[in-house]
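One structure is given below, encoded as structure tokens.
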Amino acid sequence: MKSRFVAAALLAAASLIAVPASAQQFFRIGTGGTAGTYYPVGGMIANAVSIPGKVVVTAQASNGSVGNVNGIASGSLESGFSQSDVATWAQKGTGIFEGKPNVPGLRMIANLYPESIHIVVKKGSGIKSVSDLKGKRVALDEPGSGTLINARLVLAAYGIKESDIKPEYIKPNQAGDKMKDGSLDAFFFTGGAPAGAIAELASSGAGIELLPIDGPQAEGLRMASPFFAVDSIPANTYKDVAAVNTLAVGAQWVTSDKADAETVYLITKALYSEPAQKMLAAGHAKGKMITLQNAVKGVGIPYHPGAERFYKEAGVLK
């Protein structure tokens, strides 16, 4: 009798599992650490694009860009967030993926928001352009960081070799401290503006300026590395700092070419629906930048066919 009840219970449980599984898709987003920006933005997007009965989207904490790309490659994630440079290198087998297994099947869902390249100098230092960094003490961030790779590309675009400066490989908060005590002239940082370490430095009374990355050098860099997008940091984003033109890498939502085209089409369409756009704008400072116009900026890898279909329908891709 007991075995009959157990069998009946198992049959009932199996039927409950089978119906929703056939009716809806599950789609995970790898984000980043819980203290970063990717994690809360991922949670908002998951809520905004889930379609009851069709697609259940969930966000999960991860190690960030490289971890997400590797998770997509292994099949442990359906999608994830990545800096545009990391996504491009992973797909093409260049940059930090040179000589390592790459992810040729990586595909774009959407560019979300810009992560600006900051070059911070002390106010009144006389350093007015990237070219003026020759011979100066410049922090480029730690080995393995996206900032370090971005910094090297920017310096090279202006004809500056690492041997032409006095490089230091430290994080922006340490660089800020060294700038305050006069033992550093400049530092690079790639991240969403306002960045905490720079805001703190600007508010400390030390006085800072940001160097522009524009003109023919920036254009040449964009031609060589299409994951860079034109960007600007508005005046007073940091206390008493003027507006500046720069470049940005995008925070991007990527997936595999194996992801179901209809599922990706539905979640992309849902992301740019009016209710989702209102939810994102109200939920996080970066959410206001997740717009249809920004979705196709700074894209260095192929679009997923589902996303491409939506962008063509929406008129932002030809």
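Numbers here are sequence positions counted from 1.
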Short question: side chain of [X], backbone of [Y] - any donor-acceptor pair under 3.5 Å?
| X | Y | answer |
| --- | --- | --- |
| Asp164 | Lys134 | no |
| Gln252 | Asp85 | no |
| Asn68 | Gly30 | yes |
| Arg28 | Ser76 | yes |
| Gln91 | Pro104 | yes |

Worked check of salt bridge (Lys or Arg N to Asp or Glu O under 4.0 Å) between Arg309 and Glu262: CA-CA 10 Å; Arg309 177 185 155 200; Glu262 184 64 19; 3.1 Å; yes
With a 6.0 Å cut-off on the ring centroids, do His118 and Tyr238 count as close? yes
So with a 6.0 Å cut-off around NZ of Lys312, is the heavy-atom count from everything else above 12? no
Enclosure of Glu200 CD (heavy-atom neighbours >12, cutoff 6.0 Å): no
Are [Y] and [X] connected into the same hydrophobic cluster when the rule is that any two of I, L, V, M, F, W, Y join if their side-chain heavy atoms are below 4.5 Å apart?
| X | Y | answer |
| --- | --- | --- |
| Ile233 | Ile117 | no |
| Phe27 | Phe81 | yes |
| Tyr158 | Leu148 | yes |
| Val249 | Val244 | no |

Any donor-acceptor pair under 3.5 Å linking the side-chain atoms of Thr246 with those of Asp231? no
With no hydrogens and no angle check, just 3.5 Å: does a side-chain donor-acceptor pair link Ser232 and Asn245? no
Closest heavy-atom pair and its distance - [X], [Y]:
| X | Y | answer |
| --- | --- | --- |
| Tyr39 | Thr31 | CD1-OG1, 3.4 Å |
| Ile109 | Ala307 | O-CB, 3.7 Å |
| Ala139 | Ala175 | CB-CB, 3.9 Å |

Among Lys122, Lys239, Lys128, whose salt bridge (charged side-chain N to carboxylate O under 4.0 Å, His left out) with Glu209 holds? Lys128
Rounded distance [0.5 Å steps], NZ in Lys166 versus CG in Leu184: 11.5 Å
Measure the CZ-OH distance between Arg107 and Tyr303 for me, rounded to the nearest 0.5 Å. 13.0 Å
Please tell me if the side chains of Ile119 and Val138 come closer than 4.5 Å, counting only heavy atoms from C-beta onward. no
Please tabulate, for side-chain N and O atoms in residues 265-272, each donor-acceptor pair with protein atoms closer than 3.5 Å (sequence neighbours left out).
{"residue": "Tyr265", "atom": "OH", "partner": "Glu313", "partner atom": "OE1", "Å": "2.7"}
{"residue": "Tyr265", "atom": "OH", "partner": "Glu313", "partner atom": "OE2", "Å": "3.3"}
{"residue": "Thr268", "atom": "OG1", "partner": "Val264", "partner atom": "O", "Å": "2.6"}

Could you pull out all residues at least two apart from Asn47 that satisfy side-chain hydrogen bond (donor to acceptor under 3.5 Å, both in side chains)? none
For Lys123, give me all partners under salt bridge (charged side-chain N to carboxylate O under 4.0 Å, His left out), at least two apart in sequence or on another chain. none
Give a yes or no on whether a salt bridge exists between Arg152 and Glu162, defined as a side-chain N under 4.0 angstrom from a carboxylate O. yes
